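Each chain gets a letter, A, B and so on, in the order the sequences are listed, and its residues count up from 1. Every value quoted in this text rests on a predicted model; they were computed, and no experiment measured them.
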Protein chains: 2
Amino acid sequence: MSKNYGEYAMFMKALADETRVKIFDMLCEGELCACKILEDFKITQPTLSYHMKILCDSGLVNGRRDGVWMKYSINENGLNSLKNLFDNIGHKIVKCNK
Amino acid sequence: MSKNYGEYAMFMKALADETRVKIFDMLCEGELCACKILEDFKITQPTLSYHMKILCDSGLVNGRRDGVWMKYSINENGLNSLKNLFDNIGHKIVKCNK
DNA sequence: AATGGACATAGATAAATGTCAATGTGTTAG
DNA sequence: CTAACACATTGACATTTATCTATGTCCATT
């Protein structure tokens with residue numbers, strides 16, 4: 001089974017930004033409205049929108065409209081893929097430290 | 001205990017490139033010479049050197065001279081930090097899926 | 001229908017990134 | 001000591017990224 005390093009890199013790239021990894025962390029606590037997320041950062045609304053698009057495109061985050069608001073949450077499918085990736089590396093760590 | 005999102009992002013950034021994540025994966029199998037790594041990619045030697053520097057600076061990889069050769073291997077300290085980061089996210093996954 | 005609020009998109013831009021060719025630095029062999 | 005080899009550094013360059021302002025779109029309220 002050949003490994004999909006491109007997919008690995010894509011997940012990493014989505015989280016390779018301090019703003020995005022913090023948003024990801026916040027969403028792990030539960031669904032959040034974009035305007036609520038925005039309050040925690042010193043960025044403009046379009047910039048947040050840009051980051052949310054990257055997180056959603058990566059498959060790690062899910063967005064849904066709720067009237068006027070956009071509610072973002074962790075996407076379980078993406079999360080499982082990420083977890084598999086982590087388990088994979090975790091396995092290697094054990095191997096390396098043997 | 002406040003989280004160091006900058007450190008999170010730094011590790012992710014080191015692996016947010018298909019070439020580097022593949023090198024990281026190769027090194028998990030054991031120490032490798034730069035010239036041996038180079039054989040697996042369609043990049044020039046200076047480009048590999050550039051990537052190796054990023055991996056080493058991140059603390060995930062260690063380099064040592066062995067005569068004319070540079071031998072690279074996984075750095076256990078960096079690996080443990082990465083593993084802690086993963087465990088942290090893994091914990092959240094469980095929390096999210098509860 | 002008109003207004004206003006929440007978010008997305010477009011365009012511009014400065015900074016960071018990945019790549020190469022050319023060159024520099026160490027180390028070993030002869 | 002010199003030549004050859006392995007690797008690092010430098011400078012140049014094209015691409016990507018993160019950010020903003022300005023504007024567009026969608027929805028709810030009036």
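- Residues from residues 51-59 of chain B placing a heavy atom under 4.0 Å of any atom in DNA chain C, listed by number, are B:H51, B:I54.
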Contacts under 3.5 angstrom, residues 32-44 of chain B side chains, donor-acceptor by atom type, not counting sequence neighbours:
unit_1: B:K36; atom_1: NZ; unit_2: B:E39; atom_2: OE1; d: 3.4
unit_1: B:T44; atom_1: OG1; unit_2: B:T47; atom_2: OG1; d: 3.1

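- Just one of B:Q45, B:K53, B:M52 meets the side chain to side chain contact (heavy atoms under 4.5 Å, CB included) condition when paired with B:S49; it is B:Q45.
- Side-chain contact between A:L60 and A:L27 is absent, with no heavy-atom pair separated by less than 4.5 Å.
- Residues passing the side-chain contact (heavy atoms from CB on, under 4.5 Å) test with A:S73 are A:E31, A:N62, sequence neighbours excluded.
- If you chain together hydrophobic residues whose side chains sit under 4.5 Å apart, B:Y5 and A:I74 fall into the same group.
- Residues forming a side-chain hydrogen bond (donor to acceptor under 3.5 Å, both in side chains) with B:Y50 (at least two apart in sequence, or on another chain): none.
- Listed here is the closest heavy atom pair of A:G63 and A:Y72: CA-CD2, 3.7 Å.
- In terms of position along DNA chain C, the nucleotide closest to A:W69 lies nearer the 5' end than the nucleotide closest to the other residue of the pair A:W69 and A:K13.
- Between B:F24 and B:L79, the closest side-chain pair of non-hydrogen atoms falls below 4.5 Å.
- DNA chain C lies under 4.0 Å from at least one heavy atom of each of the following residues of residues 41-48 of chain A: A:Q45, A:P46.
- Identified under the side chain to side chain donor-acceptor pair (under 3.5 Å) test for residues 12-23 of chain B, with sequence neighbours left out: B:R20-B:H51.
- The hydrophobic cluster containing A:L48 does not contain A:V68, counting ILVMFWY residues as joined when their side-chain heavy atoms lie under 4.5 angstrom apart, directly or transitively.
- Nucleotides of DNA chain C that come within less than 4.0 Å of any heavy atom of chain A span, from the 5' end to the 3' end, C:dA6 to C:dT9.
- Axis deviation across the helix from C:dA1-D:dT30 to C:dG30-D:dC1 amounts to 20°, comparing end segments of five pairs, rounded to 10 degrees.
- To the nearest 0.5 Å, the span separating CD on A:E76 from CG on A:L82 amounts to 13.5 Å.
- Two residues are said to be in side-chain contact when any heavy atoms from C-beta on lie closer than 4.5 Å; B:M70 and B:R64 fail this criterion.
- Along DNA chain D, the stretch of nucleotides lying under 4.0 Å from any heavy atom of chain A spans, 5' to 3', D:dT17 to D:dA28.
- To the nearest 0.5 Å, the span separating CE on B:M12 from OG on B:S58 amounts to 12.0 Å.
- When the side-chain contact (heavy atoms from CB on, under 4.5 Å) test is applied to B:N77, the partners found at least two apart in sequence or on another chain are B:N75.
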